[in-house]
There are 2 protein chains.
Amino acid sequence: MKSLKLSKRFQRVLLYGIVLATLVFFLKWLQWNFLIIDNAIDIYIGILAILFLTLGAWVANQLIKPKTIIVEREVSISDSKTFSINENAIKRLGISRREYEVLQLLAGGHSNADMASELFVSLSTVKTHVSNLFQKLDVKSRTQAIGKAKELKIIP
Amino acid sequence: MKSLKLSKRFQRVLLYGIVLATLVFFLKWLQWNFLIIDNAIDIYIGILAILFLTLGAWVANQLIKPKTIIVEREVSISDSKTFSINENAIKRLGISRREYEVLQLLAGGHSNADMASELFVSLSTVKTHVSNLFQKLDVKSRTQAIGKAKELKIIP
DNA sequence: GCATCACTCGTACCAAAGTATGATTTTACG
DNA sequence: CGTAAAATCATACTTTGGTACGAGTGATGC
């Protein structure tokens, strides 16, 4: 990467050199021509001035470090993107994998029967998981469970 | 603001004009001096070139528009501060004041009996409100009601 | 091999949630 | 003043949620 950059910079410097050389030849030619016409040196100087002025401007434009103005713009990020699961809390409460699945469906508004179908288990199994969850979360209903789970950042 | 900017720009242009005029006088003086020395025109041209090259570079440096880089900085804004109640949705769904109170307690994880105590009404009244809420929110359980109400930004 | 844990399922029972219907009282508005 | 919407309550009923207890299975690790 760095060698490439140096090489590019070298190429640019070479280009400037060639341009300058060409310019010098052009000037010599101009000088030769205008020497014939007397008192035309002012015109010659004018052309020369414009040329070098332009050249200087161009070179400066090429070489000057871009003046950067950094504008910071606040971007609102919804919590849904910022959210990260607090796996620590899950472990601390001793919530198992299956129980966590149930918790997610629970928070999604599914009934026990729905979850049973979704997870291919019986209704009683789901009830057991739910009951165990309530004990671990220290709540007494699914609505409270949802609230607490969100508080603990267990679910989004 | 705009008049100030224009005035500043004008001042700058005026400055450039003065510098140029001074330079022209200087050149004339140089020309006068070097005419005495024969074949010294090359030196004269060299000085002239360097002068204008520098001038061009300087002018370019002054005039180049600063490149503006907008950096978007991600700033997390918590939803709690961003949140505003969507009263429009409440009206659209025809949710009454009392029903909304019930909805808030509902989302807080309270049971029907709890809400009855809290609102000083009977259990059946709460049930009626809850049932009406479900119809208006088009859901079948309190957990779904909470989810939908949050979706619609009716509750935080 | 045995203990432990996660997962599964069943039964039984009670509490709570949810529905349906009807009725009364308040409140707000033209 | 009358009326419509909101709020209240009751009763009866069905469904769902939640608890308690027991029990079988499979995987893991010492």
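Computed over heavy atoms, backbone and side chain alike; hydrogens, waters and symmetry mates excluded. Since the model is a prediction, treat every value here as computed from it, not as a measurement. Reminder, nothing fancy here: chain letters follow the sequence lines and each chain counts from 1.
A donor atom on one side chain and an acceptor atom on the other are found under 3.5 Å apart for A/Arg142 and A/Asn112.
You'll find that the side chain of A/Ser96 is closest to C/dC7, out of D/dT8, C/dC7, D/dT19.
A/Arg142 has a side-chain polar atom (N or O) that falls below the 4.0 Å cut-off from OP1 or OP2 of D/dG18. Checking the phosphate oxygens (OP1, OP2) of C/dT8, a side-chain nitrogen or oxygen of A/Arg98 falls inside 4.0 Å. For D/dC9, one of the phosphate oxygens OP1 or OP2 lies less than 4.0 angstrom from a side-chain nitrogen or oxygen of B/Thr125. Not one side-chain nitrogen or oxygen of B/His129 sits closer than 4.0 Å to the OP1 or OP2 atom of D/dA6. Neither OP1 nor OP2 of C/dC9 sits under 4.0 Å from any side-chain N or O of A/Ser124. Applying the 4.0 Å criterion to OP1 and OP2 of C/dT19, one finds that B/Ser131 has a side-chain N or O inside that range.
Residue whose closest nucleotide on DNA chain D sits further toward the 5' end, between B/Val121 and A/Lys140: B/Val121. Positionally, the nearest nucleotide of DNA chain D for B/Lys136 lies more toward the 5' end than for the other of B/Lys136 and A/Val130. Taking for each of B/Asn132 and A/Glu99 the nucleotide of DNA chain C with the nearest heavy atom, the 5'-most of the two is the partner of A/Glu99.
A straight line from CG of A/Leu106 to C1' of D/dG17 spans 11 Å, rounded to a whole angstrom. Look at CD on B/Gln135: it is 11 Å from P on C/dT21, rounded to the nearest Å. Atom NZ in A/Lys127 sits roughly 16 Å away from atom C1' in D/dG22 (whole-Å rounding). Rounded to an integer number of Å, the gap from B/Leu119 CG to D/dA7 C1' is 12 Å. One can place CG of A/Leu123 at 8 Å from P of D/dG17, the figure rounded to the nearest angstrom. Straight-line distance from the CE atom of A/Met115 to the C1' atom of C/dT8: 16 Å, rounded to whole Å. Atom P of nucleotide D/dC9 and atom CG of B/Asn112 are separated by 14 Å, given to the nearest angstrom. Rounded to a whole Å, the CD atom of A/Glu101 is 15 Å from the P atom of C/dA6.
Annotation for B/Glu87: atom CD does not count as buried by contact number, only 12 or fewer foreign heavy atoms lying within 6.0 Å.
From one end of the helix from C/dG1-D/dC30 to C/dG30-D/dC1 to the other, with five pairs defining each end axis, the axis direction shifts by 50° (rounded to 10°).
The closest side-chain heavy-atom distance from B/Val126 to B/Leu105 is not below 4.5 Å. Side-chain contact between B/Val121 and B/Arg98 is present, with at least one heavy-atom pair separated by less than 4.5 Å.
Residue contacts for B/Ser111: at a heavy-atom cut-off of 4.0 Å it reaches the sugar-phosphate backbone alone, with no base atom in range. Heavy atoms of A/Thr128 sit under 4.0 angstrom from at least one base atom.
Here the OG1-CG distance, from B/Thr128 to B/Leu123, works out to 9.0 Å after rounding to the nearest 0.5 Å. Note that CD of A/Gln144 is 9.0 Å distant from CG of A/Asp138, once rounded to the nearest 0.5 Å.
Residues A/Ala89 and A/Ile154 come closest through the heavy atom pair CB-CG1, 4.2 Å.
Using a 4.0 Å cut-off between a side-chain N of Lys or Arg and a carboxylate O of Asp or Glu, B/Glu151 and B/Lys148 do not qualify as a salt bridge.
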